[in-house]
S.K.: 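Would you mind keeping the following structure in view while I ask a few things?
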Amino acid sequence: MTKGSINVTAENIFPIIKKFLYSDHEIFLRELISNATDATLKLKHLSTLGEIKGDIGNPIIEVIVDKEKKEIRIIDQGVGMTSEEVEKYINQVAFSGAEEFVEKYKDKVEDTGIIGHFGLGFYSSFMVASSVEIFTKSYQKGSKAVRWECDGSPEYTLEETKRTERGTEIVLHIDDDSLEFLEERKITELLNKYNKFMPIPIKFGTREETLPLAEDAPEGAKPETITVANIVNNPNPAWTKLPADLKDEDYNSFYRELYPMQFEEPLFHIHLNVDYPFNLTGILYFPKLNKNLDPTKDKIQLYQNQVFVTDNVEGIVPDFLQMLRGVIDSPDIPLNVSRSYLQADGAVKKIASYITKKVADKLISLFKNDRKAFEEKWDDIKIIIEYGMLSEDKFFEKSDKFALYPTVDKTYFTFSELEEKIKPTQTDKDGNLIVLYASNEKAQHSYIEAAKEKGYEVLLLDSPIVSHFIQKLEGSKENLQFVRVDSDHIENLIKKDETSISKLSDEEKETLKPLIEEAIPKQTYTVQLEAMDSNANPFIITQPEFMRRMKEMQASGGGGMMGMGNFPDMYNLVVNTNNELVGKILATKTKKKQEALIKQAFDLAKLSQNLLHGEELTKFIKRSFELIK
Ligand code: ADP
Ligand code: MG
């Protein structure tokens with residue numbers, strides 16, 4: 001038996017490790033199973049190389065919890081270790097790794113994903129165990145089994161032991177303050193979280209399986225039940241396979257495997273697979289986005305060689321794609337650094353731009369292959385796409401080929417199609433192309449109708465970021481302007497050269513304007529006299545595009561909008577001087593009657609903009625009844 005002192009200078013390293021990793025004790029199981037997996041994969045590799053003669057069988061990993069003995073055992077049938085290897089890999093390498101780790105990070109308590117990257121993996125077991133034993137026997141001919149034990153102080157024992165099977169068994173003697181890990185439920189939960197897709201089968205207990213009845217079984221025969229190993233993981237998850245070997249159904253069933261509580265099918269998937277200049281595989285899904293979506297649930301999961309690392313992919317996946325679901329697996333993502341560092345890392349930047357490109361390519365191909373199906377999905381994906389166009393220039397460049405602009409009549413144009421369609425009709429006298437849009441079909445109905453009557457197209461742009469989005473579009477092209485249909489009366493929205501003739505003389509106009517101004521709240525409404533078609537409504541309330549857009553952008557957190565203060569609501573009251581009613585108002589002799597007419601017309605205009613509420617509405621209704629009496 002050898003007694004020795006582990007190669008470490010810090011007097012007692014474990015208290016520091018324990019404290020440091022306090023919040024993340026549970027990862028000990030992931031680390032030990034990762035080691036068991038590595039050892040088993042090495043064995044398989046040696047076997048394919050012919051370095052190991054004979055059949056290695058189907059090695060599995062087993063986890064056993066013994067509540068009475070307060071033990072957790074992790075058993076593998078992998079390569080095992082010789083006494084020299086234990087000396088080297090457990091006593092020396094691991095500890096120098098631990099030392100380096102503690103040196104480097106003793107002041108920083110964030111980022112606990114570090115373990116396993118400093119050779120600290122095995123020692124994470126001391127976060128939950130007061131002492132740890134290793135029983136191991138190497139695959140190498142003639143090697144003797146050894147037992148190692150350490151109680152968390154730098155002293156260890158190493159001795160020969162009886163063990164005939166190849167592989168390693170780790171025995172954790174669970175500390176009194178970590179007894180929760182002796183609960184079967186807890187271990188099941190952890191295995192599910194971290195090891196669900198690891199490449200070697202993991203057995204945890206047994207389960208009953210009912211055999212199917214034989215076809216010629218006599219009536220009333222009871223099916224036989226047998227006890228089988230309870231394998232908790234799927235060693236061959238979809239993302240490790242080739243896209244060519246998978247059908248849509250396979251992708252959908254993998255989605256259910258990933259998110260068992262999700263009942264809605266994803267809209268489509270993107271299979272990621274690249275090995276240069278970095279390694280990355282994965283599958284991303286576009287979910288149906290609805291208002292009840294909880295962005296903290298069912299997020300993209302990040303794996304490293306099939307070991308779950310985190311579901312916080314901030315900095316790795318571009319922001320606009322964080323609402324997607326699925327998995328990303330890469331050994332090349334440096335997890336031992338802080339998030340802010342991650343964002344600056346060159347490899348990570350390349351990963352983000354690769355993912356962006358793949359998503360754009362997928363959208364292009366979906367659009368090309370089945371435009372109708374793509375249009376049907378548009379409402380569910382537009383937020384992600386518009387957000388992407390806003391935030392990623394590369395994505396914006398490609399979006400020409402798939403971004404859609406639906407009209408209120410549900411025609412879906414690409415931008416160039418739209419441009420071509422409206423150029424002849426919606427170019428104003430200064431050569432600007434005016435794109436009309438509505439944000440709410442019902443509320444803006446009369447404005448939409450007025451535009452349609454002129455033969456104009458009206459887009460329906462109703463996502464919450466629309467004001468930022470159109471701002472971006474306007475900035476990307478010369479002579480392009482977006483205006484909401486209710487931001488002015490139709491003739492002013494797209495100004496043509498035609499000068500319209502007013503039925504009122506200048507003198508009459510000068511009399512009319514102050515009459516109206518007196519009858520309405522002047523601070524909020526600016527009176528604007530216009531000679532319009534006599535069929536157009538006499539009073540129309542509009543809200544100038546610029547003011548409204550700035551206000552919206554400010555409300556949704558627009559950059560650069562700070563310090564502009566809160567905009568008050570400002571409207572224009574457009575008065576159609578060619579409408580018969582306006583003539584009537586002017587001709588009305590009694591002041592009182594005149595005022596009543598103005599108020600009534602003004603209230604009707606407000607009503608059509610959904611601006612009439614409370615006492616005003618009550619008064620309006622009373623007055624209206626009086627009028628028809
Ligand atoms: P890492 O896995 O990052 O190398 P660990 O501290 O987890 O660091 O493990 C240290 C080393 O101990 C491993 O590299 C391996 O050589 C050895 N080891 C740990 N567990 C096993 C095991 N179950 N079977 C064989 N070797 C093991
Ligand atoms: Mg390890």
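Order of listing sets the numbers, starting from 1, for every ligand and every atom in it.
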S.K.: Looking at the Mg ion (ligand 2), is there an N, O or S atom belonging to N35 that lies under 2.8 Å away from it?
M.R.: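 Yes - counting backbone and side chain alike, N35 has an N, O or S atom under 2.8 Å.
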S.K.: Parallel under 30°, tilted from 30 to 60°, perpendicular over 60°: which one fits the rings of W239 and Y303?
M.R.: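 Answer is tilted, since the angle falls between 30° and 60°.
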S.K.: Considering only NZ, NE, NH1 and NH2 on the basic side and carboxylate oxygens on the acidic side, decide whether K472 and D393 come within less than 4.0 Å.
M.R.: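 So K472 pairs with D393 through a salt bridge.
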S.K.: Are the charged groups of E265 and R256 less than 4.0 angstrom apart, N to O?
M.R.: yes
S.K.: Is E31 near ligand 1, meaning one of its heavy atoms is under 4.0 Å from it?
M.R.: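 Outside the 4.0 Å threshold, so no.
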S.K.: Which of the numbered atoms in ligand 1 are under 4.0 angstrom from any heavy atom belonging to I90?
M.R.: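 Result: 12 (O).
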S.K.: Would you call E189 and K186 a salt bridge, using N to O less than 4.0 angstrom?
M.R.: yes
S.K.: Do F122 and ligand 1 have an N or O pair less than 3.5 Å apart?
M.R.: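 So ligand 1 has an N or O lying under 3.5 Å from an N or O of F122.
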S.K.: Just distances here: any N/O of D76 and N/O of ligand 1 closer than 3.5 Å?
M.R.: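 The answer is yes, given that D76 and ligand 1 share an N or O pair closer than 3.5 Å.
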S.K.: Could you tell me how the ring of F122 sits relative to the ring of F126: parallel (under 30°), tilted (30 to 60°) or perpendicular (over 60°)?
M.R.: perpendicular
S.K.: Any N or O on N35 sitting closer than 3.5 Å to an N or O of ligand 1?
M.R.: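 Indeed, backbone or side chain, N35 has an N or O that close.
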